There are 2 protein chains.
Amino acid sequence: MKTDNIQRQMKKGVLEMCILAIISRREVYTSDIIEKLKEAELIVVEGTLYPMLSRLKSAGYLEYSWRESKYGPPRKYYQLTEAGSEFLNNLEGSWGKLVNSVENIVEKNTNHE
Amino acid sequence: MKTDNIQRQMKKGVLEMCILAIISRREVYTSDIIEKLKEAELIVVEGTLYPMLSRLKSAGYLEYSWRESKYGPPRKYYQLTEAGSEFLNNLEGSWGKLVNSVENIVEKNTNHE
DNA sequence: ATATAGAACCTTGCATTGCAAAGTACCCCA
DNA sequence: TGGGGTACTTTGCAATGCAAGGTTCTATAT
């Protein structure tokens with residue numbers, strides 16, 4: 001159990017929410033998302049993101065449109081669907097509950113030395 | 001992607017921290033831990049907890065001592081090791097960072113309607 | 001034309017791990 | 001001796017983050 005794994009494990013389950021949140025702000029493509037996450041110090045790599053976006057698309061939470069780029073092949077720009085907005089709301093609710101639960105447990109144990 | 005899975009996915013990675021936090025308060029055995037988690041509305045079942053405790057034990061973060069019970073077979077009461085305390089501190093640090101990161105991402109997108 | 005570089009997308013395989021379900025072992029009491 | 005309750009353990013499955021490798025497209029230099 002390495003320290004490296006800690007952040008990784010914890011990220012699980014909130015990544016979808018973060019990605020949907022980023023897309024909800026404005027249409028973005030994959031590299032934009034990676035950059036936004038990096039700004040928030042949540043490192044994510046392509047191998048994680050592409051399958052994730054596919055899953056969210058299959059689930060009906062996302063759509064995309066192709067746009068050309070001057071610097072390379074065309075890009076997939078993602079947008080949230082109605083269902084995606086709802087889902088994001090649910091995720092944010094669950095996240096809030098989880099944060100509360102964890103604080104209940106952890107704070108009781110903090111020995112303020 | 002069912003709503004049922006949301007909480008489950010998010011729980012991943014913080015469970016270890018919560019369990020260590022609970023054990024750090026006082027010596028407990030498995031059923032105690034389940035009950036404490038339930039109080040905080042973090043439902044965990046035996047099939048999750050036992051392998052987890054074994055992992056934490058193998059990693060050197062926990063020790064246990066057997067104690068007899070009036071009501072059944074003896075119980076394993078867990079205590080944190082030195083390494084376990086350190087690890088718990090790390091986890092709490094990572095957790096704090098993650099909460100900040102997520103808030104950075106999510107709050108920027110909240111349209112306070 | 002051809003080669004090179006770089007951007008963007010996608011796929012495969014692995015390791016981790018929460019969980020359901022089934023199994024084992026112990027204790028008490030009638 | 002048998003039944004019920006408690007506790008611990010194991011097996012197999014499904015989900016998923018990620019490393020690594022691959023394909024396709026554009027632009028630029030030769």
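Within every chain, numbering begins at 1; the chains are lettered A, B, ... in the order of the sequence lines, protein sequences first and strands thereafter. These numbers come from a predicted model, not from an experiment.
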Measure the distance from [atom1] on [X] to [atom2] on [N] and round it to the nearest whole Å.
X: A/Met52; N: D/dA15; atom1: CE; atom2: P; answer: 15 Å
X: A/Glu35; N: C/dA7; atom1: CD; atom2: P; answer: 13 Å
X: B/Lys12; N: D/dG17; atom1: NZ; atom2: P; answer: 8 Å
X: A/Leu53; N: D/dC18; atom1: CG; atom2: C1'; answer: 15 Å
X: A/Trp66; N: C/dA7; atom1: CH2; atom2: P; answer: 17 Å
X: A/Ile34; N: C/dA8; atom1: CD1; atom2: C1'; answer: 10 Å
X: B/Arg67; N: D/dA7; atom1: CZ; atom2: P; answer: 14 Å
X: A/Leu49; N: C/dA7; atom1: CG; atom2: P; answer: 17 Å

Hydrophobic cluster membership, A/Met52 vs A/Leu91, 4.5 Å side-chain cutoff: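 Yes: a chain of side-chain contacts under 4.5 Å links A/Met52 to A/Leu91.
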Is it the case that B/Ser65 and B/Gln79 place a side-chain donor and acceptor less than 3.5 Å from each other?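 The answer is yes; a qualifying pair exists.
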Return yes when atom CD of B/Glu27 has more than 12 non-hydrogen atoms of other residues, nucleotides or ligands closer than 6.0 Å, and no otherwise.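 For B/Glu27, atom CD is crowded (more than 12 foreign heavy atoms under 6.0 Å).
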Side chains of B/Ile33 and B/Leu53: closer than 4.5 Å at any heavy-atom pair?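 A side-chain contact exists here, since the closest heavy-atom pair is under 4.5 Å.
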Please examine the side chains of A/Glu35 and A/Lys38, heavy atoms only from C-beta on, and report whether any two atoms are closer than 4.5 Å.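 Not touching, per the 4.5 Å side-chain cut-off.
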Whether A/Lys76 engages the ring of A/Tyr64 as a cation-pi pair (distance to the six-membered ring centre under 6.0 angstrom, angle to the ring normal within 45°) should be assessed.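 The answer is yes; both the distance and angle limits are met.
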Is the phosphate of [N] approached by [X] (side-chain N or O, under 4.0 Å from OP1 or OP2)?
X: A/Thr30; N: C/dC9; answer: yes
X: A/Lys76; N: C/dC10; answer: yes
X: B/Lys11; N: C/dC19; answer: yes
X: B/Arg55; N: C/dG18; answer: yes

Measuring from the side chain of [X] (C-beta onward, heavy atoms only), which nucleotide among [options] has the closest atom?
X: A/Val45; options: D/dC18, C/dC10, D/dT10; value: D/dC18
X: A/Arg75; options: D/dT10, C/dC9, D/dA7; value: C/dC9
X: A/Gln9; options: C/dC19, C/dT17, C/dC10; value: C/dT17

Could you check B/Tyr77 against A/Leu15 and say which one's nearest nucleotide on DNA chain D is further toward the 5' end?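 This one resolves to B/Tyr77.
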Using heavy-atom distances to pick each residue's nearest nucleotide on DNA chain C, tell me which of B/Thr48 and A/Thr48 is more 5'.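 Going by which nucleotide is closer to the 5' end, it is A/Thr48.
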Base versus backbone protein contacts along nucleotides 24-30 of chain C [heavy-atom cut-off under 4.0 Å; B, S, -]: --BSS--
Examine the base of D/dC18 for any acceptor or donor lying under 3.5 Å from a partner atom in the side chain of A/Glu46, and report the outcome as yes or no.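 Flag unset: no donor-acceptor pair detected.
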Which atom names give the shortest non-hydrogen contact between A/Ala40 and B/Ser101, and what distance separates them?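 Closest approach of A/Ala40 to B/Ser101, heavy atoms only: O-OG, 2.7 Å.
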Using every non-hydrogen atom in the two residues, find where B/Ile105 and A/Ala21 come nearest and quote the distance to one decimal.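 Closest heavy-atom pair between B/Ile105 and A/Ala21: CG2-CB, 4.1 Å.
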Taking any heavy-atom pair under 4.0 Å as a contact, classify A/Ser54: base, sugar-phosphate, or nothing.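 Here A/Ser54 touches no strand at all.
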